[in-house]
Chemist: 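I'd like to ask you about the structure that follows.
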Amino acid sequence: MNTHSSRHDQLNGQWRYATPAILLHWLLALLVTGMTGLGWYMMSIEDEPNSGWYFDLHKSVGLVVVALVLLRLLWRAGNRPEKLPASLPQWQVRAAAITHWLLYACLVVMPLTGMIGAALSKHGMAFFGIALPVLVAPNHDLSEQFFDIHGTVAWVLTGLVALHVASAIKHAVVDRDGVFKRMWF
């Protein structure tokens, strides 16, 4: 009997992530993908009239992402996943662990650097049109440094997501070993 059965679901007798973890995973996947695309688009129209709307949307959704990442981390802290199947080569198990922790690190660093950069900018932070308190004086140079980190982490995250997706497809289509089903609906 699975010792985690009270916190996790079973699929054809095989362990899988619990529904809240699955929902948070896919919701964050959609939001982060959309936010990355929006961020790159914003930078291409940065100096055009009315581009501020896109920046405000990016900041607002970014705050939602921060909340969901914190929720995901809290869930993960109390709901440790089962080990990967013993049939997987040890290098894949280690690579998966490293990739997951790097993904989590990017999911924390990216929105935090964006929030700090925005807080230090002359435009400040707002949540869907509601101005948030100004806690620091604007500092353009420091703001740009945080935005540079934010942009670099976006590229690192993109690479990690591509690796994660490629691995998931491999497990679903080539290996058919049930690993992908652990995080599917």
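All values derive from a computational prediction rather than experimental measurement.
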Chemist: Can you measure from CG (Leu120) to CG (Leu142) and round to the nearest 0.5 angstrom?
Modeler: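 Leu120 CG to Leu142 CG: 5.0 Å, rounded to 0.5 Å.
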Chemist: Specify whether Phe185 and Trp26 have parallel, tilted or perpendicular ring planes, treating 30° as the upper limit for parallel and 60° as the lower limit for perpendicular.
Modeler: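 Aromatic pair Phe185/Trp26 classed tilted.
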Chemist: Between CG of Leu70 and CG of Leu24, what distance do you get to the nearest 0.5 Å?
Modeler: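 The CG atom of Leu24 is 11.0 Å from CG of Leu70, to the nearest 0.5 Å.
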Chemist: State, with a plain yes or no, whether a side-chain heavy atom of Lys181 is found less than 4.5 Å away from one of Arg16.
Modeler: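 They are not in side-chain contact.
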Chemist: Going by heavy atoms in the side chains, are Thr158 and Trp40 under 4.5 Å from each other?
Modeler: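 They are in contact (side-chain heavy atoms under 4.5 Å apart), so the answer is yes.
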Chemist: So, taking the atom named CG in Leu31 and the one named CG in Leu107, what distance separates them when rounded to the nearest 0.5 Å?
Modeler: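 The distance works out to 11.0 Å.
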Chemist: With sequence neighbours left out, write down each residue that passes salt bridge (Lys or Arg N to Asp or Glu O under 4.0 Å) with Asp175, or none if nothing qualifies.
Modeler: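 Partners of Asp175 under the salt bridge (Lys or Arg N to Asp or Glu O under 4.0 Å) test: Lys170.
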Chemist: Donor-acceptor pair, His150 side chain versus Met110 backbone, under 3.5 Å?
Modeler: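 At least one qualifying donor-acceptor pair exists.
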Chemist: Measuring from atom NE2 of His140 to atom NZ of Lys122, what distance do you get when rounded to the nearest 0.5 angstrom?
Modeler: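 These two atoms lie 8.5 Å from each other.
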Chemist: Is the backbone of Asn139 close enough, under 3.5 Å, to the side chain of Ser143 for a donor and an acceptor to pair up by distance?
Modeler: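 Not at all, since once roles are kept as given, no pair shorter than 3.5 Å links the two residues.
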Chemist: Is any side-chain heavy atom of Met43 less than 4.5 Å from a side-chain heavy atom of Phe55?
Modeler: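 Answer yes - side chains close enough.
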Chemist: Please answer whether the main-chain N or O of Asp47 pairs with a side-chain N or O of Ser51 as donor and acceptor at a distance below 3.5 Å.
Modeler: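 No.
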Chemist: Given 3.5 Å as the limit, does a donor-acceptor pair link the side chain of Arg182 with the main chain of Trp15, or not?
Modeler: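 Checking the backbone N and O of Trp15 against the side chain of Arg182, no donor-acceptor pair under 3.5 Å is found.
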Chemist: Tell me every residue that passes ring pair (Phe, Tyr, Trp, His ring centres under 6.0 Å) with Trp53, counting only those two or more places apart in sequence or in another chain.
Modeler: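 Ring pair (Phe, Tyr, Trp, His ring centres under 6.0 Å) check on Trp53 returns nothing, list empty.
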Chemist: Between the main-chain N or O of Ala96 and the side-chain N or O of Thr99, is there a donor-acceptor pair closer than 3.5 Å?
Modeler: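 No: the side chain of Thr99 does not pair with the backbone of Ala96.
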Chemist: Kindly assign one of parallel, tilted or perpendicular to the pair Trp101 and Tyr104, based on the angle between their ring planes and the thresholds 30° and 60°.
Modeler: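 Ring orientation, 0 to 90° scale: tilted.
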Chemist: Working to the nearest 0.5 angstrom, can you tell me the gap between Leu73 CG and Leu68 CG?
Modeler: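 Leu73 CG to Leu68 CG: 11.0 Å, rounded to 0.5 Å.
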Chemist: Do Leu71 and Val66 sit in one hydrophobic cluster, given that two such residues count as connected whenever their side-chain heavy atoms are within less than 4.5 Å of each other, even indirectly?
Modeler: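 Yes, Leu71 connects to Val66 through the hydrophobic network.
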Chemist: Please work out whether the ring planes of His25 and His164 are parallel, tilted or perpendicular, with thresholds of 30° and 60°.
Modeler: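 His25 and His164: tilted rings.
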Chemist: If the condition is ring pair (Phe, Tyr, Trp, His ring centres under 6.0 Å), which residues does His123 pass it with, not counting sequence neighbours?
Modeler: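 None.
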Chemist: Supply the atom-to-atom distance Ile22 CD1 to Trp184 CH2, rounded to the nearest 0.5 angstrom.
Modeler: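 Output value for this atom pair is 10.0 Å.
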